[in-house]
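Computed from a prediction, not measured in an experiment: that's the story for all the values here. FYI, side chains are in, hydrogens and waters are out, and symmetry mates aren't considered; it's all heavy atoms of this structure. Letters A, B, ... mirror the listed sequences (proteins, then strands); counts begin at 1.
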Protein chains: 2
Amino acid sequence: MTTLKDLSRHLNLSVTQVSRALNGYADVSEATRARVLAAASELAYQPNLSARKLVSGRSGIVGLVLQGTPASMTGDHFLTVIGGLSAEFSRRELQFVLHMADPEEDVIEVYRRLIDGGGLDGFVLIEPVTDDRRVAYLAQRGIPVIVHGRLFGGPAHAYYDIDNAEVGRVLTRHLLRHGHRRIAFLNGSPQRAYSEARRRGHVEALEEAGLPFDPGLHITASMDEKHGLVSAVKLFSGPAPHPTAVIASHLKIARGLVQGLSALGLRVPDDVSIVAHDDQLSDLAATGFEPPLTTTTSPIYDSWAPLADGLARLIAGAPIPAVQHTAAVDFVERGSVAAPRNERPAPRKNHHGDTR
Amino acid sequence: MTTLKDLSRHLNLSVTQVSRALNGYADVSEATRARVLAAASELAYQPNLSARKLVSGRSGIVGLVLQGTPASMTGDHFLTVIGGLSAEFSRRELQFVLHMADPEEDVIEVYRRLIDGGGLDGFVLIEPVTDDRRVAYLAQRGIPVIVHGRLFGGPAHAYYDIDNAEVGRVLTRHLLRHGHRRIAFLNGSPQRAYSEARRRGHVEALEEAGLPFDPGLHITASMDEKHGLVSAVKLFSGPAPHPTAVIASHLKIARGLVQGLSALGLRVPDDVSIVAHDDQLSDLAATGFEPPLTTTTSPIYDSWAPLADGLARLIAGAPIPAVQHTAAVDFVERGSVAAPRNERPAPRKNHHGDTR
DNA sequence: ACCCCGAGCCGAAACGTTTCGGGTGGAGTA
DNA sequence: TACTCCACCCGAAACGTTTCGGCTCGGGGT
């Protein structure tokens with residue numbers, strides 16, 4: 001192992017000066033700096049992280065702590081996430097590591113150990129929940145942390161988030177524009193901030209159109225196929241009037257939904273219009289649906305760079321408000337929306353007076 | 001952050017003695033040790049890993065370095081692996097981290113940085129290939145590493161492996177015992193040591209029975225459904241004689257195989273007998289097949305503990321030969337093997353004299 | 001001639017831990 | 001009494017780095 005001392009001996013310089021040359025300080029002549037750099041690469045000098053950390057308090061390592069399988073990323077996608085973050089961090093001269101916490105152990109304790117042990121400089125935190133204890137703990141200790149998603153209420157924190165309210169607004173407005181009035185919303189878990197944000201946008205769009213929000217049409221559950229399937233049955237097998245359109249908060253929900261609708265003999269978009277939000281993480285593709293799904297979309301892999309960037313800046317001392325970024329979402333119209341039935345030439349039956 | 005100095009002040013003891021008490025040295029009275037332990041837990045003392053590492057050369061962190069998605073663990077299973085290892089290591093007071101290497105970068109360089117930076121004490125290495133450069137590098141530098149699987153040839157290394165030759169032997173013998181003589185073997189990539197070991201066991205069993213090994217019946221490819229499907233077509237759609245039994249090196253191969261056989265109108269086990277090896281990692285279950293598959297099995301999750309254990313011992317100074325463990329495999333007979341067609345009451349046709 | 005200033009360099013302290021080589025005091029032995 | 005021995009304890013050095021304060025040297029201004 002080459003150390004600074006080795007280099008300084010080799011170059012007839014003081015350890016101090018070698019260190020300063022390597023770290024880009026001003027008071028070292030260009031000639032010296034060049035010599036030092038050459039020697040460093042020749043001797044394959046690698047700064048000792050432990051020593052550096054000991055004195056400077058920085059290890060250059062950031063991490064992601066997981067306890068149990070994160071809901072959003074089943075399958076291969078998980079490696080995509082880790083790989084994406086890892087690549088972005090190494091681009092910024094930071095090491096990124098994943099730590100799986102023992103499910104038995106209090107995760108706060110894990111963070112404490114990791115921090116006090118002097119190991120990690122900062123954290124990426126995914127899938128925050130309301131009143132997230134981890135965020136609270138890290139904020140209180142002043143440890144740099146950037147959250148993928150956002151917490152409302154609780155301590156201020158750095159985050160990268162997409163404009164979830166806009167997701168709700170855009171999707172709802174699109175359906176309204178096509179004449180839909182009874183719109184169901186298959187949303188994610190109410191525990192999660194993004195679900196609430198999307199609901200808010202949804203309600204706003206309804207209000208713009210002078211329509212009331214019907215809580216009975218807003219169903220929250222974990223974002224999986226089951227949610228879509230179960231909700232389809234709930235919404236469309238009961239007594240009329242049924243919704244004429246459905247918003248799915250995730251492609252997986254949409255998938256369960258179309259399966260359910262198909263089993264109930266309902267066609268998309270003739271009988272029911274569907275829109276969804278697409279994070280482009282799952283192996284489902286909006287274009288793989290029949291018909292292709294009209295969606296808002298914001299590729300989750302667009303978030304690695306801002307997350308890494310944000311955490312790097314945080315560690316470098318940036319104030320929290322400077323590291324809060326909300327990304328816009330795209331809207332892509334495909335073939336899963338049509339005008340509702342009752343807007344089109346009405347079928348003859350059921351034609352007796354409706355005096356309401 | 002509580003330091004040793006804080007504790008020593010608090011207790012009116014020297015830093016030395018506190019350290020020794022905490023680390024279980026003999027020359028500290030039980031009374032003192034108890035006091036120290038109490039104070040440590042009261043003040044939430046956490047040894048500073050960087051400082052410890054700096055002087056002792058140990059960080060207590062071990063890692064797994066991955067470059068690209070490992071072939072064997074698609075899907076959720078990946079987290080199972082990481083989680084399993086992580087849990088076992090933390091049980092042994094070691095932190096386990098995952099590092100995803102930039103696919104662009106030489107992975108050796110990544111190891112070098114990790115080691116010279118003073119970060120990691122040792123590594124788990126999965127999916128070794130023949131003449132694995134990583135193993136060679138780590139061995140040459142004397143860095144503790146335990147391999148999941150085994151390399152033949154190359155430097156000696158610590159490993160945990162299953163008895164793959166036995167897999168080949170047991171599976172082949174079982175088929176032989178049922179009267180099969182033309183046995184195909186859908187094996188894994190020839191790059192991988194386990195494939196070769198299984199082939200060896202296979203050949204041995206054949207030789208025991210006085211049968212020659214037919215290279216035309218041994219097909220190697222990556223262990224996925226495609227392999228099974230493609231090989232099924234290759235083996236059973238060409239000119240007779242076809243094999244009467246097939247060994248699949250993985251449940252995924254078996255799955256592709258049964259799909260292919262079914263498409264070709266062949267039934268298991270009436271027309272073709274199948275056996276496979278089951279690592280119990282994939283979401284496929286041997287009992288989920290129709291008929292249930294006769295398999296050798298060695299749950300991959302049985303390997304976390306021995307791997308963690310081995311690496312821990314290696315770091316503690318155990319010699320490499322003491323950390324080489326080959327685990328036995330189980331054999332479970334289910335319903336996918338029958339006697340071959342020509343051993344059963346022969347159909348009438350094709351009955352003219354065969355004088356050979 | 002004097003002082004000042006900046007460029008370039010250096011010594012030493014500090015970070016928190018482990019560990020080596022002692023030290024002290026009291027009990028046991030001759 | 002004088003010695004040894006053991007149980008228990010301590011000071012100081014070391015690990016490799018960063019950083020604070022200060023040093024020297026030569027050139028410019030007055």
For this session: Indicate yes or no: does B:R113 engage B:E109 in a salt bridge with an N to O separation below 4.0 Å.
Result: no
Exercise. With a 4.5 Å limit on heavy-atom distance, are the side chains of B:I82 and B:L64 in contact?
Worked result: yes
Exercise. Is any side-chain N or O of B:D27 under 3.5 Å from a base N or O of D:dC8, one able to act as donor and the other as acceptor?
Worked result: no
Exercise. How close or far is atom P of C:dA7 from atom CZ of A:R33, stated in whole angstroms?
Worked result: 13 Å
Problem set entry | Distance, nearest 0.5 Å, that separates CG of A:L4 from CG of A:L22 | 6.5 Å
Seminar exercise, completed: Each nucleotide of nucleotides 13-20 of chain C classed B (base within 4.0 Å of a protein heavy atom), S (only sugar-phosphate) or -, in 5' to 3' order, makes --BBBBBB
For this session: Using whole Å, report how far CG of A:N12 lies from P of C:dG8.
Result: 19 Å
Problem set entry | Any donor-acceptor N or O pair under 3.5 Å, side chains A:Y137, A:R133 | no
For this session: Kindly give the heavy-atom pair with the smallest separation between B:A21 and B:R33, and that separation in Å.
Result: O-NH1, 2.9 Å
Exercise. How are the rings of B:Y111 and B:F123 set to each other: parallel, tilted or perpendicular (split at 30° and 60°)?
Worked result: perpendicular
For this session: Please state how far atom CG in A:L7 lies from atom C1' in C:dC10, giving the value in whole angstrom units.
Result: 17 Å
